[in-house]
Visitor: 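The structure follows.
On a predicted model such as this, the values are computed, not experimentally measured, just so you know. Letters go in sequence order (proteins before strands), and every chain restarts at 1.
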Amino acid sequence: MILRLNSSSGVPIYLQLMEQIKHAIETGALKAGDQLPTIRKLAEELVMNPNTVVRAYRELQHEGVIEVRHGSGAYVSELAASGARVTRKAQSIVQSALERLASFGLTEDEVRRLFENELAQHRSVKVMGGKDE
Amino acid sequence: MSEAIIEARGLHKSFKGTPALNGLDLDVPAGSIFGFLGRNGAGKTTTIKLLMGLLKADRGDAHVFGLRAGDASASIEIRRRIGFATEEKELYPYMTVAQVIRFTRSFFPRWRDDLAERYLRLFELPAQRKIPALSKGMRSKLMLLLAMSHGAELLVLDEPTEGLDPAAVEGVLRELVALSGADGTTIFFSSHQLSEVEQIADHVCIIERGATVVAGSLDDLKLQYQRLRVVFAGDGAAPVHWVDGVQHIHQEGRTVEMLVSRNLDAILQQAHALPGASVERFPVTLKEIFLEQVRSS
């Protein structure tokens, strides 16, 4: 697995690891049933704390992204792979939305600002428990 | 990873009337890789000496493996079970690298020949060279080899990568991580290299003027500390009395920037309650946490 972790970024490493494994599944680099490296091997390869790998694997297992088979190791779950199919569907939604917005003559920056504002609105509604509605 | 393999409460120690430790607390979970941080003179080396039984505390107590540090017979037992490396240690000037290894090995029944051979090779240490002819970096690596081949369940390392080049540093970090992964060896190390600590530690403790100012899991600290940038409508100061945990408020026009060290959720709620607020969050590095904590204490 080609992973790029940034220990000085301020984002906890276990979260970065989880994100990158999920990304690998989304892009199809990891498929359902593929085996993940052992905790020791991954820790040594990336020169990172094995407890951090344990935490990431445990959270991924909790989310159903990976399955741990006793004595055998960690494997990408079928659920995760189908989640990847959802991502590919979402991708085509975004593609057609962008095509339509482009036909209005909006610039890339304007489109980006629209998305960011909507996301921020969406996030603040969640924090306030929907008070703004 | 829950039992404390090292535990200290309210450690006080003075040297000729000058306080070096001022009520220091420490909790090192078994199996952790623990970064012990602090400015020069903050009390790191004094703490390590206390744990190793080389000094006795004036007040407070410390336990290693559940045994009382500073108690004469307990200290012997404690030292037997720790792989210890520090810059200050004297090495025998008439011995070669191979002889020092053979000599040290004889004291420790759990000595790992396989690891000693591995480190000799990986650290590129010349077996037949005499100690005084070793470079500073090689001497550090030899100290590490001796500590790490010990078969100990706890390593106590005082600035283990000091003076090593980046490739050697990466090699040492990789071997430390391998030891941790292989049999849950607890690794307690002091360091000035925050980026190295961030890379391999799961817990940290920052001390300043002989007392603990930050301690806990590194992941939790990174989730607890945030930089916030809040833009709000209206002129003048933000109409809010921030809860405890906000540091360094800096306002320019309608933008407020601040470092949050705790109560993040409450502060976010306050920020979002400002008129027309938009709130951006930025992660905080260990360096920023360190500088913040030693500045404000």
Visitor: Would you say that more than 12 heavy atoms from the other residues, nucleotides or ligands in this model lie under 6.0 Å from the CZ of B:Arg254, or not?
Guide: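 No, because the 6.0 Å sphere around CZ of B:Arg254 holds 12 heavy atoms or fewer from other groups.
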Visitor: For residues 95-106 of chain A, pull every pair meeting side-chain hydrogen bond (donor to acceptor under 3.5 Å, both in side chains), keeping only residues two or more places apart or in separate chains.
Guide: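 Of all non-adjacent pairs touching residues 95-106 of chain A, none passes side-chain hydrogen bond (donor to acceptor under 3.5 Å, both in side chains).
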Visitor: First locate atom CG of A:Asn49, then atom CG of B:Leu176, and finally report the distance between them rounded to the nearest 0.5 Å.
Guide: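 Going from CG on A:Asn49 over to CG on B:Leu176, the span is 11.0 Å.
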Visitor: Near B:His248 NE2, under 6.0 Å, is it more than 12 heavy atoms from other residues, nucleotides or ligands?
Guide: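 Above 12, so yes.
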Visitor: Relative to chain A, which segment of B:Val279 carries a heavy atom at a distance below 4.5 Å: side chain, backbone, both, or neither?
Guide: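 Contact with chain A: backbone only.
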Visitor: Where on A:Ala120 is there a heavy atom nearer than 4.5 Å to chain B: the side chain, the backbone, both, or neither?
Guide: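 For A:Ala120, neither part sits under 4.5 Å from chain B.
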Visitor: With a 4.5 angstrom heavy-atom cut-off, is it the side chain or the backbone of B:Ile200 that approaches chain A, or both, or neither?
Guide: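 B:Ile200 touches chain A through backbone and side-chain heavy atoms alike.
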Visitor: If we only count heavy atoms from C-beta on, is the A:Arg55 to B:Asp219 side-chain gap below 4.5 Å?
Guide: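 They are in side-chain contact.
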Visitor: Any chance you could measure B:Leu173, atom CG, to A:Glu44, atom CD, to the nearest 0.5 Å?
Guide: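 The distance works out to 12.5 Å.
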Visitor: Looking only at non-hydrogen atoms, find the nearest pair between A:Pro50 and B:Val177 and report the distance.
Guide: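 Answer, listing the atom of A:Pro50 first, then B:Val177: CG-O, 3.8 Å.
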Visitor: What residue pairs, at least two apart or across chains, pass salt bridge (charged side-chain N to carboxylate O under 4.0 Å, His left out) with a residue in residues 165-190 of chain B?
Guide: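 As it turns out, the salt bridge (charged side-chain N to carboxylate O under 4.0 Å, His left out) pairs with a partner in residues 165-190 of chain B, which skip direct neighbours, are B:Arg118-B:Glu175.
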Visitor: Which distance, rounded to the nearest 0.5 Å, do you find between the CZ of A:Arg123 and the NE2 of B:His272?
Guide: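 Atom-to-atom, A:Arg123:CZ and B:His272:NE2 are 7.5 Å apart.
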Visitor: Which residues from residues 5-16 of chain A are near chain B, with near meaning under 4.5 Å between non-hydrogen atoms?
Guide: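 Checking residues 5-16 of chain A against chain B gives A:Ser7, A:Ser8, A:Ser9, A:Gly10, A:Val11, A:Pro12, A:Ile13, A:Tyr14, A:Leu15.
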Visitor: Sort B:Ala182 into side chain, backbone, both or neither according to what part of it lies under 4.5 angstrom from a heavy atom of chain A.
Guide: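 Both the backbone and the side chain of B:Ala182 come within 4.5 Å of chain A.
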Visitor: Tell me, side chain or backbone of B:Ser278 under 4.5 Å from chain A's heavy atoms, or both, or neither?
Guide: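 Neither part, no heavy atoms under 4.5 Å.
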Visitor: Is a side-chain N or O of B:Asp202 found less than 3.5 angstrom from the main chain of A:Thr52, in a donor-acceptor match?
Guide: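 Absent.
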Visitor: Dump the intermediate steps for side-chain contact (heavy atoms from CB on, under 4.5 Å) on B:Gln199 and A:Val47, then the final yes or no.
Guide: CA-CA 8 Å; B:Gln199 190 175 335; A:Val47 190; 3.4 Å; yes
Visitor: If you count the non-hydrogen atoms of other residues, nucleotides and ligands that lie under 6.0 Å from CD in A:Gln61, is the total more than 12?
Guide: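 Atom CD in A:Gln61 is packed in, count exceeds 12.
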Visitor: Who are the side chain to side chain contact (heavy atoms under 4.5 Å, CB included) partners of A:Ala74, not counting sequence neighbours?
Guide: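 A:Leu36, A:Tyr57, A:Ile66, A:Val68.
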